[in-house]
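Values below: all heavy atoms of this structure, side chains included; hydrogens, waters and symmetry mates excluded. Whatever order the structure lists them in is the order used to number ligands and atoms, beginning at 1.
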Amino acid sequence: MILPVLLSVCLSVTNAVSITDIQGPAFRSPFEGQVVEGVIGIVTAKGPSGFWIQGNRTSDIRVSNGLNVFTESTTIIDSVSVGDQVSVTGTVNEFRTKGSGDLFGTELEPTNASSVVVLSSGHSIAPLILGVDRSPPTQLISALDVGPDGFLSVPNNQSQVEVVNATLHPNEFGIDFWESLEGQLVTVRSPTVTDFENKFGEFWVYGKWPVTGLNSRGGLTMTFGPNGILDGNPEVIIVGEPLDGSTNPHVAVGQKFEDITGVILQQFGFFYVMPLTAPTLVSSPSFTPPVTNITASKGACQITIGDYNIDNMAPNSTTLPQVAGHIGVNLKGPDIMFVQEIQDNSGPTDDGTVVANLTMQTMASAIMTASGVQYTFIEIPPVNDQDGGEKGGNIRQVYFYNPKKVKLAGNAPVGGSLEAVSAVTEPDGKVGLSLNPGRIDPNNTAWHDSRKPLVAMWEPVAEGGERFFTVNLHLIAKSGSSTFEGDARPPVNLGVQERSAQVVEVANFVKTILDKDKNANVIVGGDCNEFVMARSVLAPFNDILHEVDEVANIPPVERYTYVFDQQNEQLDHLFVSSAIASRGLEVEHVHVNQFSETIEMRGSDHDPSIAKLNIC
Ligand SMILES: *[C@@H]1O[C@H](CO)[C@@H](O)[C@H](O)[C@H]1NC(C)=O
Ligand SMILES: *[C@@H]1O[C@H](CO)[C@@H](O)[C@H](O)[C@H]1NC(C)=O
Ligand SMILES: *[C@@H]1O[C@H](CO)[C@@H](O)[C@H](O)[C@H]1NC(C)=O
Ligand SMILES: *[C@@H]1O[C@H](CO)[C@@H](O)[C@H](O)[C@H]1NC(C)=O
Ligand SMILES: *[C@@H]1O[C@H](CO)[C@@H](O)[C@H](O)[C@H]1NC(C)=O
Ligand SMILES: *[C@@H]1O[C@H](CO)[C@@H](O)[C@H](O)[C@H]1NC(C)=O
Ligand SMILES: *[C@@H]1O[C@H](CO)[C@@H](O)[C@H](O)[C@H]1NC(C)=O
Ligand SMILES: *[C@@H]1O[C@H](CO)[C@@H](O)[C@H](O)[C@H]1NC(C)=O
């Protein structure tokens, strides 16, 4: 024991740098790029890329007392054991993958094998108990998400966390909270899963601490907070690959696990807890796919509308029979299905095939087999490879409809791929369409490399009903956006300019119908690839359309059709004109996919929705 005593005396007289000095109260270390000598801490965890040390706390909650000692040298890693008190000389780095747009992770890289010295052994460090010692904030992600729509405000990437390098506000902002614990050993008590695992086997959880947006499944939903400000659920953390080389289990939303102890690490754009070992399952919710409570429409004044993005459906997709069952059995065969992502007859093979009649016929037959519901279908094929999505797949929106319940109204011809539909006044004075179905202004640049909306005019088969208009949408995707815990603030919402322009086009088209008849029945729906909380994007709908969830007063936490990263969220929407909204309606999101046991068992990444509407 002589050596450590000598060392600590020696270091105290030379004003040794402590772990808390290195971490500091801001996002970036005051010692970034510098060599620091004799940093002392107790080893709390070891992994394939180094180990973690922890020193004494200070009273400043902004400052972490844990640190990642980064090295790929097995000689160094093997030279220390958990519980050792060590002295490390090395360089302080702020690391992120080049060009990634992630936050930096603070690490100490030993100069060489002899710059890591074991001073003594057998120490223990009690983990910080999250939910007891500290709890994450539950609403705001970053102080830099300024703008009326919080982290969904447009324009995006107005500032970067690592450039501003603010001191942390751990009680207010999610990334500040997790940054203030970077490198520390923590325990997440009774974790609940909020997403399926990603392709690396990592998954998001919240522990036994206050959460917001809690839905009846146990997931967290993106909502507005009580103050009307967006709630991004920063109270989740990803469980990374276990440090002992064991493998995480497959997980599902709502599953509960035994306590997880591990160290907090920033990597790949998120804050992780790196578990010491793989967690153990405690309980699972029911995996039985739900069935809608909405009953069949009755009479000429009622219709049921389903909406479902069926994820790159080709004639031979293995998910086809399952999705057919969702439509026929779980949604009980709505009168009209708004479907997105029907591929052409050759699926993703980029061979010039555009016609999709085999895909649609195979789907209709499978729905018939599953449920006895017999659908007819109608669509307008795109121009080959011009509508985005999986290369060669030529995805498009299709209406599947029950010809015993509804039929296309009027005598307008079917539109071509490059023909634009318009609202017309028919000889009897009623508003009609120039093409039925037709596409909205397909040459408009707003639809470049994206799906053109499919418009149709219908009437009930039963006598005494009224005509109604539908717009089946699939707006441009968000893929490639930056992470919710990334450097860019607000995070980059990819395609938001294009999506906004598309919403303007749709709103302008709907207005041309309503200008001719303000009481027209109009239903707009599909995969909008956007949240209603991105209010500026959907603002053009404000005065003309009503979201059905809002009309039906669905609890905000139950408004979701998707799960991504930390939370459940709603990308799929149905909007109705005032005439329909004023008559009252029913709506359900049927979580056939988000309630799956594993991610592989899902029929699609989206859940379908169903609404019962009154058209007269
Ligand atoms: C970040 O902030 C800390 C604490 O205020 C400061 O010491 C450090 O130099 C800053 N780093 C950069 C790169 O601005
Ligand atoms: C931590 O605090 C204890 C008690 O005050 C002290 O003996 C020890 O030297 C400190 N450790 C470090 C690494 O500063
Ligand atoms: C955000 O903007 C900065 C500064 O223009 C740029 O360097 C960075 O790449 C942008 N981030 C993303 C994720 O696009
Ligand atoms: C290893 O690094 C230490 C500083 O921690 C330095 O004094 C020593 O010379 C280095 N040893 C070798 C072999 O490079
Ligand atoms: C059907 O109603 C029950 C009871 O209100 C509810 O728990 C269930 O979630 C509903 N099903 C769907 C698909 O919404
Ligand atoms: C579907 O058929 C294509 C050829 O058209 C083939 O490449 C693909 O592997 C098939 N998929 C399945 C699931 O059988
Ligand atoms: C698809 O359309 C082509 C051309 O009209 C026709 O020959 C073929 O039989 C159709 N296939 C199905 C499955 O309906
Ligand atoms: C769209 O452009 C094509 C030529 O690329 C043209 O044939 C078609 O008429 C245009 N459609 C409209 C609605 O202007």
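Distance remark: protein heavy atom present below 4.0 angstrom from atom 2 (O) of ligand 5. For atom 11 (N) of ligand 5, a protein heavy-atom neighbour is found at a distance under 4.0 Å. Counting protein heavy atoms under 4.0 angstrom from atom 14 (O) of ligand 5 gives one or more. Distance screen at 4.0 Å: atom 5 (O) of ligand 4 has a protein heavy-atom neighbour inside the cut-off.
With respect to Asn345, the side chain to side chain contact (heavy atoms under 4.5 Å, CB included) criterion is satisfied by exactly one of Val355, Thr362, Asn394, Asp351: Val355. Between Ile53 and the choices Asp84, Ile125, Ile19, the side chain to side chain contact (heavy atoms under 4.5 Å, CB included) rule is met once, by Ile19.
No N or O atom of Ser115 sits closer than 3.5 Å to an N or O atom of ligand 4. At a 3.5 angstrom cut-off on N or O pairs, Thr318 does not count as close to ligand 6.
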message: Checking Val253 against Thr194 for the side-chain contact (heavy atoms from CB on, under 4.5 Å) test, could you report, in this order, the C-alpha distance in whole Å, the side-chain angles of both residues, the deciding distance, and whether it holds?
response: CA-CA 5 Å; Val253 178; Thr194 65; 5.6 Å; no

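With respect to atom 9 (O) of ligand 5, the closest heavy atom belonging to the protein is Asn293 ND2, 4.8 Å. Distance from atom 8 (C) of ligand 4 to its nearest protein heavy atom, with residue and atom name: Asn112 ND2, 3.8 Å.
Put simply, part of Val291 is less than 4.0 Å from ligand 5, judged by heavy atoms.
Between Leu108 and Thr91, the closest side-chain pair of non-hydrogen atoms is not below 4.5 Å.
Under 3.5 Å, the side chains of Thr470 and Tyr399 contain a donor-acceptor pair of N or O atoms. At a cut-off of 3.5 Å, with distance as the only test, no side-chain donor of Gln184 or Gln54 sits close to an acceptor on the other residue.
In this structure, His250 has its ring center at least 6.0 angstrom away from the ring center of Phe203.
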